[in-house]
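Each chain gets a letter, A, B and so on, in the order the sequences are listed, and its residues count up from 1.
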Amino acid sequence: MTVSIVRFGGSNCDRDAERALTHLGVDSQIVWHEDGLPTDTTGVVLPGGFSYGDYLRAGAMAAQSPIIDEVESLAAEGVPVLGVCNGAQIGCESGLTEGAFTTNESARFQCEHVFLRVERDDTPWTDAYDEGDVIEIPIAHGEGRYEIDADRLDTLEAENRVLFRYCDENGDVTDAANPNGSRHNVAGVLGDRETVAVMMPHPERATIPHVGMTDGKGVLRAFE
Amino acid sequence: MTAYTATVTVRLKHGVLDPEAETTKQALERLDFELDALRSADQFEIDLDAADADAAADRAGEMAERLLANPTIHDYEVDVAQR
């Protein structure tokens, strides 16, 4: 019974995730990607960072690691899988989730607090919130602009698979509150199953009180 | 088998924002160049042996599909030449 946090060369939020999960009383372990997933894995975190130095495209190389096949198998069985930041990029590059995270509209790395509107409250990731809740969570990325074909975005929205959108502090989804130019302010999406989610903002950096904010801990509660 | 070089050019699909190209365009304008637009692309030159040019192009195309391009945001072209 343990959440496996997959470490690639260049991951740097693996320990943040481990500490946040420990704070919530969730057993977890950091797993080197070449070692494969332990058989007692009950959840998977693809953490943030700069795997493979973002060569080719952020997440493109890590998505080719054999451990991703194991993650996909578990995801298909309903094991919760969360990709955060670089983990979200890996999730999209591997096809766990649709779309792509690419260069911010500003063409700059952005490290700031953002507000997210909870779009659904009936998923494991948002069970702790109500639909329409506004939560404050940090982002830290250069390639977080969510891109997807217009048709596919229509389908994604029709299937209610957008989990979070960037918004202002009142919950209004506006261009001004969109930090990176993401299509329709999308900050996080679900995969084929509700147990698979990726998001650019960092819930693990908004879980432990001494880092200043705790709005993100509800996301990690999916692993409890 | 014949030796080929397959050149794979990967560029953003029409309509997908390219902030790096826009920034580069602005930098050129700061250098007092006149230009209307600038697009960027990645180019990969792949040396390989194949039975014929079509087989070389097919293999390079599959490389683009599976790794070199992200079909969500990219179009790509493959050109093959004997080396």
Side-chain angles (χ1 to χ4, degrees), chain A residues 51-52 54-66 68-69 86 88-110 141-156 175 178-186 189 191 198, chain B residues 4-48 56-80:
Chain A
S51 56
Y52 296 89
D54 284 349
Y55 287 176
L56 194 62
R57 295 177 302 278
M61 294 296 157
Q64 308 304 320
S65 169
I68 295 297
D69 293 337
N86 189 225
Q89 295 160 337
I90 295 167
C92 279
E93 281 285 342
S94 66
L96 271 170
T97 47
E98 286 197 58
F101 292 102
T102 188
T103 311
N104 292 348
E105 189 173 18
S106 66
R108 294 191 170 97
F109 188 91
Q110 289 174 244
H141 59 244
E143 295 174 50
R145 174 169 57 98
Y146 188 68
E147 277 289 350
I148 186 169
D149 292 346
D151 290 350
R152 292 306 307 161
L153 181 55
D154 286 346
T155 303
L156 200 72
D175 287 346
N178 187 345
N180 52 27
S182 288
R183 296 271 183 198
H184 291 195
N185 287 45
V186 170
V189 295
V198 300
Chain B
Y4 294 97
T5 296
T7 302
V8 178
T9 305
V10 177
R11 48 172 66 87
L12 287 167
K13 285 180 179 173
H14 183 71
V16 176
L17 191 69
D18 188 347
E20 291 178 359
E22 183 58 30
T23 304
T24 306
K25 174 175 176 282
Q26 289 168 8
L28 287 170
E29 287 168 341
R30 275 199 297 277
L31 292 170
D32 285 334
F33 288 107
E34 290 183 17
L35 69 164
D36 293 332
L38 181 150
R39 289 168 293 281
S40 65
D42 290 327
Q43 195 167 78
F44 303 88
E45 295 176 357
I46 304 160
D47 293 343
L48 46 81
D58 285 350
R59 201 187 310 163
E62 194 176 343
M63 293 177 191
E65 285 284 335
R66 293 185 55 189
L67 182 66
L68 300 178
N70 179 337
T72 301
I73 52 173
H74 291 136
D75 288 327
Y76 66 88
E77 325 175 335
V78 178
D79 289 306
V80 170

Is the [atom1] atom of [X] crowded by more than 12 outside heavy atoms at less than 6.0 Å?
X       : atom1 : answer
B:Glu20 : CD    : no
B:Asp47 : CG    : yes
A:Tyr55 : OH    : no

What part of [X] is in contact with chain B, defined as an atom under 4.5 angstrom from a non-hydrogen atom: side chain, backbone, both or neither?
X        : answer
A:Thr103 : both
A:Glu98  : neither
A:Arg108 : neither
A:Arg152 : neither

Checklist line | Which atoms of B:Ala21 approach chain A - backbone, side chain, both or neither, heavy atom under 4.5 Å | finding: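 No part of it gets close to chain A.
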Checklist line | CG on B:Asn70 to CZ on A:Arg57, rounded to 0.5 Å | finding: 5.0 Å
Checklist line | Spatial distance of atom OG1 (A:Thr102) from atom CG (B:Leu17) [nearest 0.5 Å] | finding: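 Result: 9.0 Å between the selected atoms.
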Notebook entry, point to check: Closest heavy-atom contact between B:Thr72 and A:Asp149?
Noted result: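 Answer, listing the atom of B:Thr72 first, then A:Asp149: O-OD1, 3.6 Å.
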Checklist line | Selection from A:Ala63, A:Cys92, A:Ala107 maximising heavy-atom pairs under 4.5 Å formed with chain B | finding: A:Ala107
